[in-house]
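Remarks on the structure that follows.
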2 protein chains.
Amino acid sequence: MAKIKDVAELAGVSAATVSRVLNNVPTVDADLAERVRDAANELGYRANGVARSLRRQRTDVWALIISDIGNPFFTSVARGVEDIAQREGFSVVLCNTDEDPAKEARYIDVAEREQVAGVVMSPNAFGSDISRLTAAGIPVVAIDRPLREPVDSVLVSSADGARLATEHLFEQGWTRPACVTGPARADTAEQRLAGYRDAFAALRRRPAKSLVRHTDYRAESAREAVASLLDSASPPDSFFLANSSLALGALQEFRRRGLLPGRDVGLVSFDDPPWAGFVNPPMSVVVQPTYEIGVQAGELLLKRIGHPLAGKDARTITLSTELIVRDSSLHKPRRTRAKAAQTA
Amino acid sequence: MAKIKDVAELAGVSAATVSRVLNNVPTVDADLAERVRDAANELGYRANGVARSLRRQRTDVWALIISDIGNPFFTSVARGVEDIAQREGFSVVLCNTDEDPAKEARYIDVAEREQVAGVVMSPNAFGSDISRLTAAGIPVVAIDRPLREPVDSVLVSSADGARLATEHLFEQGWTRPACVTGPARADTAEQRLAGYRDAFAALRRRPAKSLVRHTDYRAESAREAVASLLDSASPPDSFFLANSSLALGALQEFRRRGLLPGRDVGLVSFDDPPWAGFVNPPMSVVVQPTYEIGVQAGELLLKRIGHPLAGKDARTITLSTELIVRDSSLHKPRRTRAKAAQTA
DNA sequence: TTGTACGCGTTATCAC
DNA sequence: GTGATAACGCGTACAA
């Protein structure tokens, strides 16, 4: 590996000049710069990022710590963050915690050790410990879920979306919607549950506790939850699922029992994965502005990186959701279908 | 940020001793070690990874460069790689190239600058330039697609899988299967096309050129390809899609035209995304051992990292695929359905 | 067993 | 405008 010294010798200048040229310092003689660039090309010289970071006491990489790489929500957010980063000359490295607090802690550790320029993260829990990061002067932006510590955040009005979804279920004629949500430690899970409850409250009702299930946001857990719900003494007639992985689990259990959404049961899910329109029947969902979340988070991070202490007060951006009605939430009892078939 | 010197002063020893303790060098006095650890804890000391990397001339991070983070195939592979890395004390950072050669080049650059310990990548093209990596002594393992340069690889017998899929279509009674594959520069795309052709050859036939379409592996491109195929003079009666994103695009176009797979058209896709069993109707697929691919790649990388030059000959591991027949590939013309309904 | 001293490759400060 | 030099924080050969 060619080092800066090698380039300097070949160009007949000092290492300092090489450094200046490569960092586009304007006060260098044009001819010299030319010679230096030629030499660098000839040797295939690339600056050693590690040495540079040590010297500069900063890095050009962002860490994006997310809780589930398999969730389309996060992959879309990632694209948003990455686009902003690229635009500003940063690289982003993605760290997947798989909803595991231990993994999250490890990655926070890595981010600190490697002195990343900033962190965008979807905290595993409200109490996730990011003190090491802030202590190290590394700016953090929370997405998807809030953090106890005061940091910039990009959130979504989850409760509103969940209320919309549940109200829609009622409007369709379903009377006992269940709610399968995430782990209690995840704020999104609690917000979506709250919104679900709000829809009941608007009708001066209260959902029975037996209609609510917490899970770990995994499909298999949702499948089990739906199964137990269906087998309970007074089963629900419809379901609100707090994210798309859960929806997949529910779909699985419905199929197993020969239940068709939009006919035998109602179904609305949070998030609009690419496949939502193609399952049987097309799934009604609450969409979040995923890419936009990433973009906003990137912009927020950028401002903090520029002026670490400027505007000490943390800013929170809250984006809103939208209900997309497809067929899984419709209320068309079997006999209606049969009639339709006869007349057809 | 506490530095090693601070710990040394607090513990009343030299920085060298602190370093030794923290790196578990066995020849340190137990009492001293104790004191050092206490001091380190008290100060919340964390070794500066950048300085450490510069000194050691190596890092504890792997770069995983993949071509599409939205593709479940890669997220599953990523989990495999990560599990091996974690086991051995490495962190893996994920770089998404989005099938963009320029992005790939940038990430290769980053990997070199940041001196990662190793790289696992799904090359954008057979000719992707990784010379900088090998020149820098950074081991590379190719996955999914081979590379012109001789490196360890974990591949899948794509052609076999594609042939299986196409033969299955023929066996079901479809007679004019089309093939929608990826970009010509991607080996997987070519292999899958080759397997498709093999199935024709076994029947002493040859697919018309008009039955084949290349795309960029994106859903929207597949939708267009399928549309143009369907609108052609002699349209196909069934489809083999080279990956799950393409399948989504095909599904979209089918729905638009009111065509039901397994009845009006035949459909088999490569890859088994989580939603494959839940679309309408459940999709027949060729599965790859995704997680295993990641694991094998991780193991291969590990061996190279241990002994950079040992076994100069590159090793290639080829895993096999499996056909899962669900309903989208079945051949049940409309009238058959109608009859079944009558007798029911 | 422990401490001293140097170097990893780069950039920033200071003279010239 | 350019060059010598110090320093970033750590690990390790060498000396003690």
Side-chain angles (χ1 to χ4, degrees), chain A residues 1-37 39-40 43-61 110 112-117 135-138, chain B residues 1-37 39-40 43-61 109-110 112-117 132 135-138:
Chain A
M1 286 287 74
K3 307 181 297 180
I4 203 170
K5 208 176 164 188
D6 302 323
V7 178
E9 282 172 11
L10 182 56
V13 299
S14 74
T17 298
V18 175
S19 174
R20 281 190 275 257
V21 171
L22 269 34
N23 288 291
N24 299 311
V25 173
T27 66
V28 251
D29 183 77
D31 288 356
L32 263 197
E34 179 81 11
R35 255 164 54 205
V36 169
R37 280 187 225 284
L43 295 176
Y45 170 80
R46 328 291 293 207
N48 180 322
V50 179
R52 163 177 293 174
S53 298
L54 177 59
R55 177 61 235 231
R56 286 188 177 162
Q57 293 292 75
R58 61 188 172 81
T59 311
D60 289 344
V61 344
V110 172
E112 183 198 1
R113 281 206 320 260
E114 302 300 331
Q115 316 248 167
V116 299
I138 299 175
Chain B
M1 285 286 77
K3 307 183 298 180
I4 202 170
K5 207 177 165 187
D6 302 323
V7 179
E9 281 172 12
L10 182 57
V13 298
S14 75
T17 299
V18 175
S19 174
R20 281 190 274 258
V21 172
L22 268 36
N23 288 291
N24 299 311
V25 174
T27 67
V28 257
D29 184 77
D31 288 355
L32 264 195
E34 178 81 11
R35 257 168 47 209
V36 169
R37 280 186 225 286
L43 295 177
Y45 171 79
R46 329 290 295 207
N48 179 321
V50 179
R52 162 179 291 173
S53 297
L54 178 58
R55 177 63 235 234
R56 286 188 177 161
Q57 293 293 73
R58 64 188 171 78
T59 310
D60 288 346
V61 344
D109 221 78
V110 172
E112 184 198 2
R113 281 207 319 260
E114 302 300 330
Q115 316 249 165
V116 300
R132 303 222 50 102
I138 298 175

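So you know, we letter chains A, B, ... as the sequences are listed, proteins then strands, and number each from 1.
- No engagement by B:V50 is indicated, since no non-hydrogen atom pair under 4.0 Å with the nucleic acid exists.
- Atom CG of B:L54 and atom C1' of D:dG11 are 11 Å apart (whole Å).
- Residues B:Y45 and B:L22 share a closest heavy-atom pair of CE2-CD2, 3.2 Å.
- For the segment residues 27-35 of chain B, residues with any heavy atom less than 4.0 angstrom from an atom of DNA chain C are, sorted by number, B:T27, B:V28, B:D29, B:L32.
- Here the side chain of A:S19 pairs no donor or acceptor atom with the backbone of A:A15 at under 3.5 angstrom.
- The separation between B:N24 atom CG and C:dT1 atom C1' is 17 Å, rounded to whole Å.
- For the residue pair A:A8 and A:V18, the shortest heavy atom distance occurs at CA-CG2, 3.6 Å.
- To the nearest 0.5 Å, atom CD of residue A:Q115 and atom CD1 of residue A:I138 are 6.5 Å apart.
- Between A:A47 and A:R52, the shortest heavy-atom distance links the atoms CB-NH2, 3.4 Å.
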Using a cutoff of under 3.5 Å, can you pull out all pairs of nitrogen or oxygen atoms linking the protein to nucleotides 10-13 of chain C, with atom names and distances?
{"unit_1": "C:dT10", "atom_1": "OP1", "unit_2": "A:Y45", "atom_2": "OH", "d": "2.5"}
{"unit_1": "C:dT10", "atom_1": "OP1", "unit_2": "A:N48", "atom_2": "N", "d": "3.1"}
{"unit_1": "C:dT10", "atom_1": "OP2", "unit_2": "A:I4", "atom_2": "N", "d": "2.6"}
{"unit_1": "C:dT11", "atom_1": "OP1", "unit_2": "A:N23", "atom_2": "ND2", "d": "3.3"}
{"unit_1": "C:dT11", "atom_1": "OP1", "unit_2": "A:R52", "atom_2": "NE", "d": "2.8"}
{"unit_1": "C:dT11", "atom_1": "OP1", "unit_2": "A:R52", "atom_2": "NH2", "d": "2.9"}
{"unit_1": "C:dT11", "atom_1": "OP2", "unit_2": "A:S19", "atom_2": "OG", "d": "2.9"}
{"unit_1": "C:dT11", "atom_1": "O2", "unit_2": "A:R55", "atom_2": "NH1", "d": "2.4"}
{"unit_1": "C:dA12", "atom_1": "O4'", "unit_2": "A:R55", "atom_2": "NH2", "d": "3.2"}

Exercise answer: donor-acceptor pairs, residues 30-37 of chain A side-chain atoms, under 3.5 Å, sequence neighbours excluded:
{"unit_1": "A:R35", "atom_1": "NE", "unit_2": "A:A11", "atom_2": "O", "d": "3.2"}
{"unit_1": "A:R35", "atom_1": "NH2", "unit_2": "A:A11", "atom_2": "O", "d": "2.9"}

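- Remark: B:T17 is not in phosphate contact with C:dT2, judged by side-chain N or O atoms under 4.0 Å from OP1 or OP2.
- Taking the side chain as every heavy atom from C-beta outward, B:R58 and B:D60 approach each other to under 4.5 Å.
- A:E112 meets the side chain to side chain contact (heavy atoms under 4.5 Å, CB included) test with A:R132, A:L133, A:A136, B:M1, B:R46; sequence neighbours excluded.
- The distance from atom CD of B:E114 to atom OG of A:S53, rounded to the nearest 0.5 Å, is 5.5 Å.
- Note: CD (A:Q57) to P (C:dG9) measures 18 Å, nearest angstrom.
- The end-to-end axis angle of the helix from C:dT1-D:dA16 to C:dC16-D:dG1, rounded to 10 degrees and based on five pairs per end, is 40°.
- Using a 4.5 Å heavy-atom cutoff, the side chains of B:K3 and B:N48 are not in contact.
- Take B:R20 and apply the side chain to side chain contact (heavy atoms under 4.5 Å, CB included) test, not counting sequence neighbours, and it matches B:A16, B:T17, B:V25, B:V28.
- Separating the CD atom of A:E114 from the P atom of D:dC10 is a distance of 13 Å, rounded to the nearest angstrom.
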